[in-house]
Amino acid sequence: MTQVAILGAAGRMGRALIQAIAAEPQARFAAALDRAGCPESGRDAAVLAGLAPSGVLLGSDLAAALAQADVLVDFTRPEGTMAAVQACLSQRKALVIGTTGLSAEQKAAVAEAARSIPVCLSANYSVGVNVCLRLLRIAAQTLGPGYDVEIVEAHHRHKVDAPSGTALRMGQAVADALGRKLEDCAIYGREGHTGARDANTIGFATVRGGDVVGDHTVMFLGEGERVEIAHKASSRSNFARGALRAAVWLAGRPAGLYDMQDVLGLREA
Ligand code: NAD
């Protein structure tokens, strides 16, 4: 049984994680944490997530909470992640990082910590997206450079960045498999007299609107056929279930920096 503490427990992902733990027989909800002064402090964390009371109260004392846990799952902001790294290092606990937007220096600090403790860092904990990444590598390697690659993604109207991190990760997987550098071959949108398509490019197109949780389609367009690998998310619970799967997998592993491809056994030798 893995004892799981959640940092960012009052947030959208934190609440989804509390619901996921309630449905996971291999995990026990050990502690709920958020920033000091969070308005929900002191409340029963399961109740915040719409569940029956668990007796686990929302706190902010990372050190005390970690003493009860095997693994910390962090879905906060980069400052929260850096505090989590220090706390996990000092108590030699495993750390699952879901927070996005870490700077290069912050990622370097995570990699340094992973020399002493097991850390899982992934920009997307969806099991389906990670399976798609593997399928994309197979498709790109097998179809080869004769197929044009285009990536179309759609998200809700509130999303502030484009293309999505997941679309970029998919483009990276295809570029790696084709021996290209994404920064040299990516085309982000087209307008006007663009000329004929350069065969070495990977095109990105972005749709924004409504309440779309996240759709990604990668097209391989060849002569006489087209292959599409698509993923459509309908709720954030898939990220929570994937992150929890990572937490159960990570606890007790040797120190190292892992990602969801490792958790799911999808990394190629
Ligand atoms: P949110 O704003 O709903 O929740 C964030 C929570 O973190 C809040 O409760 C906030 O009080 C808390 N927090 C902020 N700074 C903190 C700190 N320094 N210490 C402790 N707690 C702190 O956001 P969300 O939608 O739950 O997303 C959280 C993060 O997870 C974002 O970076 C988001 O991009 C990322 N995310 C990643 C994945 C993935 O699969 N990797 C999926 C969804 C979201």
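First listed ligand is number 1; within each ligand, the first listed atom is number 1.
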Taking only distance into account, with no hydrogens and no angle test, what donor-acceptor pairs under 3.5 Å do side-chain atoms of residues 168-188 form with protein atoms, sequence neighbours excluded?
| from | atom 1 | to | atom 2 | distance (Å) |
| --- | --- | --- | --- | --- |
| Gln172 | NE2 | Asp176 | OD1 | 3.0 |
| Arg180 | NH1 | Asn200 | O | 3.1 |

Note down each nitrogen or oxygen pair, ligand 1 side and protein side, whose separation is under 3.5 Å; give only atom names and the distance to 0.1 Å.
| from | atom 1 | to | atom 2 | distance (Å) |
| --- | --- | --- | --- | --- |
| ligand 1 | 2 (O) | Arg77 | NH2 | 2.8 |
| ligand 1 | 3 (O) | Arg12 | N | 2.9 |
| ligand 1 | 3 (O) | Arg12 | NE | 3.1 |
| ligand 1 | 9 (O) | Gly11 | N | 3.2 |
| ligand 1 | 9 (O) | Asp34 | OD1 | 3.3 |
| ligand 1 | 9 (O) | Asp34 | OD2 | 2.7 |
| ligand 1 | 11 (O) | Asp34 | OD1 | 2.5 |
| ligand 1 | 11 (O) | Arg35 | NE | 3.0 |
| ligand 1 | 18 (N) | Gly80 | N | 3.3 |
| ligand 1 | 21 (N) | Arg35 | N | 3.2 |
| ligand 1 | 25 (O) | Arg12 | NE | 3.3 |
| ligand 1 | 25 (O) | Arg12 | NH2 | 3.4 |
| ligand 1 | 25 (O) | Arg236 | NH1 | 3.4 |
| ligand 1 | 26 (O) | Arg12 | N | 3.4 |
| ligand 1 | 26 (O) | Met13 | N | 2.8 |
| ligand 1 | 32 (O) | Thr100 | N | 3.1 |
| ligand 1 | 32 (O) | Thr100 | OG1 | 3.3 |
| ligand 1 | 34 (O) | Thr100 | OG1 | 2.6 |
| ligand 1 | 40 (O) | Tyr125 | N | 2.8 |
| ligand 1 | 41 (N) | Gly98 | O | 3.1 |
| ligand 1 | 41 (N) | Ser122 | O | 3.1 |
| ligand 1 | 41 (N) | Ala123 | O | 3.1 |

Residues, nucleotides or ligands: over 12 heavy atoms within 6.0 Å of [X] [atom1]:
X	atom1	result
Glu228	CD	yes
Arg197	CZ	yes
Arg190	CZ	yes

ask   = salt bridge (charged side-chain N to carboxylate O under 4.0 Å, His left out) with Asp44: which residues, sequence neighbours excluded?
value =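 Not a single residue meets the salt bridge (charged side-chain N to carboxylate O under 4.0 Å, His left out) criterion with Asp44.
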
task = Any chance you could pull the hydrophobic cluster mates of Ile138, using side-chain heavy atoms under 4.5 angstrom and chaining through other members?
result =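 Its cluster partners, ordered by chain and number, are none at all.
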
